[in-house]
Amino acid sequence: MRRLIGQLGKFCLYSDTYFEGTCPHIENEEIANSPYGAFNFTYGPSAGGLFESVGIDINTFGEYIRNIKVNPNYKKREIRILDKSIEDAILYIERINAAFSASHVISFLSAIDKISESDIDSDVLNLRILQIEMERIRNNLFVIERLVESAGFQVPLYQLQYLIENVNRKIGKLFGHRYFFGVNSLRKININDPKVDFTGIEREFKTIYEDIIENRIFIDRLQGNGIIKDERSIGPAARAAGFYYDARIEDEFLPYKDFDFKISTYNSADAFGRLIVRSEEIFESLRIISQIKVKSKEYKIKVNDGEGIGRVESPSGDLAYFVKVNNGKVVNIDLLSPSSINIELFSKSMVKNIFTDFPFNWESFGIWISEVGVRFI
C-alpha cells in the first residue's frame, strides 16, 4: 500500500515513489469561539523540561489545551554545504543531529549510491544496518529515560542512564566514536574493534522494562495521553497506532529482508503504545545485530553526475535526503527529517489534552529540534 511520507524539497515523497510538487495538505483542527478566560502563552524556549531550544505556543484556559503550535526556529541553522565534495559534505551531515548521525549519513550515502548506479557490497550494507540499529537502541533507551524522568522516577532514570552510557561505550569501542563521527566515508566504513559484545544489554533492559510497565502510577500518565491515529504517521508513532509502516521493509536498498526480525506494533495510539513499540524494537534491533558479522570494509564506487533520493528508517521514522551531484560536488540537497513530521503529529495529539500530560506526550515522539531548522546553503 502506498503511503504519503512528506515534503522533500521540490518533491512529495511516498513510500514507493515521489512526485515533483507540493504534498496534499490537511489543515489542523481549529477550535472556534474562544471561551471566556482562554488565553495564549509561550512555553520555552528556555523553560525547564525542554531538552532543546524550542518555543511552544499554547492556547488554553487552564489545564485544558485548546490548540498548540511548535516553533522550532529558536534552533535555526544555515549549513554551507553546496559546492563541497561528497567527503566534506559527510562531515557536515553527520553533525546535524548527533543522536541520529548514522541515519543521516547513511540516508545521504544511499542517495549517492543510487546516483552512481553501483552495486554496493552486501558487507557494506550490513554494516550500515548495524549502525542504524545501534542508534535505534540508544535513542529508544533515551526516549524511555526521558519518560521516567518526567515522572520523577529516580531509580529507573539512573538505571537507564547507566545503560545508555554502556551502549555509547560499546559503539565507541566498535566504531571508534560513540556518535559515529568519522565512521562513514565515500569508500570505507571504519571498524575499530569487531569483537564488541551486545548480549548483556538485552538482559539489563529487560529487567528495567518489566519494572516500569508494572508501575501503575507511571502507566496512568501514558495511557490515553496523546492519542493520534493518522495515516500520515511515521515511525513508532505509526506502529503504536497499528499501522505497519517501516522503511526497513518498504525500501529494499538496505537488505533488511535478509535478517530475521519482526515489525513491532501496538493498537493504543497513545504515549503508552509508543513506549511499548520502542521497547520491543530494542529487542528486535539486538536480534538483527546478533546476525551481522562485523569486519572492516573498503569498497569501490564511481560517483556519477545526477540526482537521487535516499531513505532510511531512523529511530523516529522516515528520514530522507534528495541529493544532486555535478563534477563530484553537491550542487543541491534537501532533507526530510522525521522530527518535522512528528512535530505535526504531536501538535494534533495535544489538542483537548491537559497541560500535565504535556511532557510525557512530547517525549514519547522522540523529537529532535536540531534536525528541523536546517537550511542548506
Side-chain angles (χ1 to χ4, degrees), residues 1-30 68-70 72 97 100 103-104 106-108 110-111 114 132 136 226-254 256 263-270 273-274 277-278 281 307-324 332-351 361 364-369 371-376:
M1 182 189 75
R2 174 176 293 173
R3 67 180 172 95
L4 190 154
I5 298 173
Q7 194 71 39
L8 174 59
K10 63 181 179 180
F11 299 108
C12 182
L13 183 65
Y14 289 81
S15 54
D16 61 345
T17 188
Y18 55 90
F19 301 102
E20 189 165 344
T22 304
C23 291
H25 182 68
I26 295 178
E27 293 289 344
N28 289 342
E29 181 182 3
E30 295 289 343
I68 190 165
K69 292 183 179 179
V70 179
N97 176 11
F100 286 10
S103 296
H104 275 266
I106 292 168
S107 177
F108 172 77
S110 295
K114 290 175 181 176
I132 293 175
R136 192 180 321 281
I227 296 175
I228 180 78
K229 192 173 183 67
D230 190 322
E231 291 184 353
R232 296 188 174 190
S233 300
I234 61 169
R239 295 190 284 277
F243 295 114
Y244 201 69
Y245 297 166
D246 197 312
R248 292 180 293 181
I249 56 173
E250 295 168 343
D251 189 320
E252 296 185 351
F253 193 75
L254 291 177
Y256 275 97
I263 303 299
S264 303
T265 60
Y266 206 69
N267 286 308
S268 61
D270 57 6
R274 294 188 279 277
V277 166
R278 287 187 184 277
E281 287 184 353
E307 60 185 40
I309 290 176
R311 177 167 68 105
V312 302
E313 182 71 18
S314 80
S316 290
D318 297 85
L319 189 160
Y321 273 89
F322 164 78
V323 185
K324 185 175 182 178
N332 197 0
I333 180 170
D334 287 301
L335 162 66
L336 173 60
S337 72
S339 294
S340 63
I341 301 172
N342 280 315
I343 281 177
E344 294 182 14
L345 296 171
F346 162 77
S347 300
K348 290 180 182 177
S349 72
M350 272 310 296
V351 174
N361 193 26
S364 72
F365 281 92
I367 293 167
W368 289 98
I369 298 300
E371 63 181 14
V372 177
V374 173
R375 189 168 78 90
F376 297 113

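Taking a cutoff of 4.0 Å between a charged side-chain nitrogen and a carboxylate oxygen, Arg248 and Asp318 do not qualify as a salt bridge. With respect to Asp246 and Arg311, no salt bridge is recorded, no charged nitrogen being found less than 4.0 Å from a carboxylate O. By the 4.0 Å N-to-carboxylate-O rule, Arg3 lies close enough to Glu250 to be salt-bridged with it. Electrostatic pairing of Lys114 and Glu307 does not count as a salt bridge here, judged by no charged N lying under 4.0 Å from a carboxylate O.
Within the 3.5 Å criterion, the main-chain N or O of Glu313 finds a donor-acceptor partner in the side chain of Arg136. Under a 3.5 Å cut-off, the side chain of Ser339 and the backbone N or O of Trp368 do form a donor-acceptor pair.
Pairing each heavy atom of Asp230 with each of Phe243, the nearest pair is O-CE1, 3.4 Å. For Leu335 against Glu371, the heavy-atom pair with the smallest separation is CD2-O, 3.8 Å. Scanning both residues, Pro315 and Ser103, for their nearest heavy atoms gives CD-OG, 3.7 Å. Counting all heavy atoms, side chain and backbone alike, Ser347 lies closest to Ile68 at O-CG2, 3.4 Å. Nearest heavy atom pair, residue Gly317 against residue Ile234, reads CA-CD1, 4.0 Å. Counting all heavy atoms, side chain and backbone alike, Leu254 lies closest to Ile106 at CD1-CG2, 4.2 Å.
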Under the side-chain hydrogen bond (donor to acceptor under 3.5 Å, both in side chains) rule, what do Glu281 and Ser264 come out as? Steps first, then yes or no, please.
-> CA-CA 6 Å; Glu281 287 184 353; Ser264 303; 5.2 Å; no

Would Leu319 and Leu336 count as a side-chain contact (heavy atoms from CB on, under 4.5 Å) if you check the C-alpha gap in whole Å, the side-chain angles of each, and the deciding distance to 0.1 Å?
-> CA-CA 6 Å; Leu319 189 160; Leu336 173 60; over 6 Å; no

Could you give me the CA-CA distance, side-chain angles and deciding distance for Asp334 and Phe376, then say whether side-chain contact (heavy atoms from CB on, under 4.5 Å) is met?
-> CA-CA 7 Å; Asp334 287 301; Phe376 297 113; 5.6 Å; no

Can Ser349 and Phe365 be said to form a side-chain contact (heavy atoms from CB on, under 4.5 Å), step by step?
-> CA-CA 11 Å; Ser349 72; Phe365 281 92; 3.7 Å; yes

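Within a 6.0 Å radius of NZ in Lys229, more than 12 heavy atoms belonging to other residues, nucleotides or ligands are found.
Residues Ser314 and Ile132 fail the side-chain proximity criterion, which asks for heavy atoms closer than 4.5 Å. Side chains of Ile309 and Tyr18 form a contact here, defined as non-hydrogen atoms less than 4.5 Å apart. Counting only heavy atoms from C-beta outward, the side chains of Phe108 and Val323 approach each other to under 4.5 Å. Side-chain contact between Arg232 and Ile341: absent, with no pair of heavy atoms (C-beta onward) separated by less than 4.5 Å.
Under the rule for a ring pair (Phe, Tyr, Trp, His ring centres under 6.0 Å), the partners of Tyr14 that lie at least two apart in sequence or sit in another chain are Phe19. With sequence neighbours excluded, no residue satisfies side chain to side chain donor-acceptor pair (under 3.5 Å) with Ser107.
The distance from the OG atom of Ser110 to the OH atom of Tyr321 is 11.5 Å, given to the nearest 0.5 Å. Distance CD1/Ile263 to CD1/Ile249: 4.5 Å, rounded to 0.5 Å.
Using modelled atom types and a 3.5 Å distance limit, the side chains of Arg239 and Asn267 yield no donor-acceptor pair.
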